[in-house]
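To start, the structure itself, in structure tokens.
Start at 1 with the first residue, then count along the sequence.
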Amino acid sequence: MNQSNRTSILLRYVAISLAILIFAGFIVVKMFHTTVVHAEKWNQKAAETLKGSEVIVPRRGNILADDKSILATDLRYYTVRIDYRCERFREKTFRDTLPYLCDSLAKYYPFRTSAEWQAYLSRPLSKPVNERPRALKVVSNITSSEYERLRTFPFFSIQGRNKNGLFKETVLRRSNPYGQMAKRSIGGVGEQQNGEKHGISGLEMAFDSLLYGKPGVAKQIAFTRKISTWVEQPAVSGYDILTTIDVKMQDIVENELSRVLDTADADWGVAILMEVATGDIKAISNLEKSPVSGNYIEGMNRAVLGFEPGSVMKPISMLLALEDGLVNNIEESISIGSSYTYGGGRPITDSHYNASLTVKGVIEQSSNIGMTKIITNPAGQYHNNTARFRERLEEIGFLDPLNMGIAGERIPNIEAKPSRISLSRMCYGYATEIPPIYTLALYNAIANGGRFVRPRLVKELIGEDFDSVIPVSYIRDRICSKKNADKLIEMLTAVVWGDRGTARHYVKDKNVKIAGKTGTCYMIDEHGYNKSKKRLSFCGFFPAENPKYTCIVLTCNPRRNLMSAGSSSGQVVRSIASKMFSRGMLDNISDYKEGLAKESVPVLYASNKNKNHKKIKKELNLSTVKELSPEQGYETPRGTVPMVVGLGMREAIVALEESGYNVSFSGTGFVRAQTPKAGNHLAPGSYVNLSLTEF
């Protein structure tokens, strides 16, 4: 090595050493500035970071039907975005595959055409790299299976977020698996100013503090190498609420109410079905005509709002008359005539003339005159003390808050000191405002032998380590004697089965004996009562000889076909009772197989994953049931459709979604057929169609 080479190498060493020394000096100076000169600033910032805390949002509880199927739950949805500035974004590959990617997007997300997708996704490429978006939204509110399908699209199938830029944001959204079923009573949630989501209506609002749970707290903690999040107080999940809703009965009630409303072209309708012995609300539906589509959708919860009830009030007035001794013998005759004036008001009339009626006939034929004469009898307590009528209703608990869990609940509005004219109208259903649920509860007490059970929509709270059963309770242990309750049941049975009963043409059913009362009330507008607009109701119970369920239906302003209380609201009650009988819901043996082809043979998956197969086998002829081994059931290779025939709807959906498929279905109950059939090869993300029926 010559001298010149040595000199050159030494100079390089010197230069490198100087550079290292300068860099080291820079580090020392910076450390001095950080740890000494600006120490207070950085210490303050560290203290703020460590002092800060994060709120851990708790899991909101589910709302469950009485069989523990889910009515409302938080489901995880995703918003998918592209980061055009990710470290190793394969721009050339993206440009080459963009037409194929956009074809796939247009097929599954057709709110843009393929050309529109190309324009939308290629627009960021025209900008300088440092100005391209880091989170361009592709699609939002998609499920996990939809996201997995998206990952199979051209370019998005490249592994690694830093290569294709694809990432997802998780959003928890309140979902109702049964759609609009009992939606108003279940309620909804909304986001508050602080970002928390709380109930804004129905059960979601009434039980929000229990459903929401308790937020947790997380803090930043300084560890040896870094600052990390430390959960100081874990979040406590909200309680699951077990309601009294029976999904099968709810389906019947909604379908029958919707059918009659559509036939009658009515504005809205309400139907409530309640179990006599427990007060459990098994179904509740509030339907109104959509101004957009004209179809009937879940609307305002009118079940708890006050309306003039019309003649369904008469049995309540008759209950007071029996208990207070105004009448005793229901076969006693009362003079009626063409009109009756009381208190100086306009004459009270009936829809048809009767010279006289029995006390029983007053209810059977819905006589306004007869009911007024009974309540305002000069020998009775109400003639000289009109306020006593409301006091008696208060004494029997008719004005007590029900506190059953539905937000917006109101108590009946009945004048405290009515005039004699008002009293004469109140006793047959005018000059009052009574929520349908209160009328139903009083009829239920009659059906229950005089025991006034409290309606309830919630029967249990379920926590991680705690269950709380809400017991059956009574507004009053007894509001009338069993003897008088039986008399009222006889009168209400005559309304449907009597020779001149107001519901005899529409509510009779050969299989179920229904007892109840029709009610017609003219609606009020700016000019007073409008006789062209009516609110029609029927409230009753069945079977009349051993009441198990009470039901009330209101139909508002029918415009065609079904213009009477019996033909509209009464028909809904009759159809509900008939359907329940045909499906064995009234402690009867049913041979109901609607929707099941005669030649089809139900096939049940009999592994321990199916909790219902023994029950179904018992209800079906055992010889028609083919049991499958577990190997033929859920345990199928991915890409192969699993066997779900014979499973309940919820189990079938879970099994198919776990296998990567989307599900569409029709009907309710158990799966009787699936398309494609089990064992077929089908790409994940495809749809499997299920046909359901009540076995």
Exercise. Identify whether the distance between the nearest side-chain nitrogen and carboxylate oxygen of R559 and D267 falls below 4.0 Å.
Key: yes
Quiz item: Does any donor atom in the side chain of N546 or K513 lie under 3.5 Å from an acceptor atom in the other side chain?
Solution: no
Exercise. Could you walk me through whether N377 and H383 pass side chain to side chain contact (heavy atoms under 4.5 Å, CB included), step by step?
Key: CA-CA 6 Å; N377 186 336; H383 175 69; over 6 Å; no
Exercise. Give me the ring orientation class for F389 and Y382: parallel if the planes are under 30° apart, tilted from 30 to 60°, perpendicular past 60°.
Key: perpendicular
Self-check item: Within the 6.0 Å centroid threshold, strictly below: F542 and F581
Solution: no
Quiz prompt | Residue that, paired with K282, satisfies side chain to side chain donor-acceptor pair (under 3.5 Å) out of T243, T244, D66 | solution = D66
Quiz prompt | Check: T358 main-chain N/O paired with E331 side-chain donor or acceptor under 3.5 Å | solution = no
Self-check item: Backbone N/O of V276 and side chain of N444: donor-acceptor pair under 3.5 Å
Solution: yes
Quiz prompt | Within 45° cone of Y474 ring axis and under 6.0 Å: R451 NZ or CZ | solution = yes
Quiz item: Taking W268 for the side chain and N557 for the main chain, is one N or O donor matched with an acceptor at less than 3.5 Å?
Solution: no
Quiz item: Is the number of heavy atoms from other residues, nucleotides or ligands under 6.0 Å of N329 CG greater than 12?
Solution: yes
Quiz prompt | From CA spacing to verdict: salt bridge (charged side-chain N to carboxylate O under 4.0 Å, His left out), R410, E433 | solution = CA-CA 10 Å; R410 300 177 187 175; E433 290 182 343; over 6 Å; no
Quiz item: Hey, does the side chain of K534 reach the backbone of M563 with a donor-acceptor pair shorter than 3.5 angstrom?
Solution: yes
Exercise. Could you tell me whether the side chain of T432 and the main chain of I434 form a donor-acceptor pair under 3.5 Å?
Key: no
Quiz item: Aromatic rings Y342 and Y340: how do their planes relate, parallel, tilted or perpendicular, breaks at 30° and 60°?
Solution: parallel
Exercise. Answer yes or no: is there a donor N or O on one side and an acceptor on the other, between the side chain of S424 and the main chain of I421, under 3.5 Å?
Key: yes
Quiz item: When you measure from the side chain of Y430 to the backbone N and O of Y522, does any donor-acceptor pair fall under 3.5 Å?
Solution: yes
Quiz item: Is E332 reaching over with its side chain to a backbone N or O of V359, donor-acceptor style, under 3.5 angstrom?
Solution: no
Practice problem: Decide yes or no on side chain to side chain contact (heavy atoms under 4.5 Å, CB included) for R390 and L399, but give the supporting numbers first. | Solution: CA-CA 9 Å; R390 186 185 190 279; L399 306 184; 3.5 Å; yes
Quiz prompt | Side-chain donor-acceptor pair present, S367, D350, cut-off under 3.5 Å | solution = yes
Practice problem: For N561 and T263, indicate whether the former's side chain and the latter's backbone hold a donor-acceptor pair under 3.5 Å. | Solution: yes
Practice problem: Would you confirm whether E490, through its side chain, and D486, through its main-chain N or O, come within 3.5 Å as a donor-acceptor pair? | Solution: no
Practice problem: Could you tell me whether R259 and E256 have a side-chain N and a carboxylate O separated by less than 4.0 Å? | Solution: yes
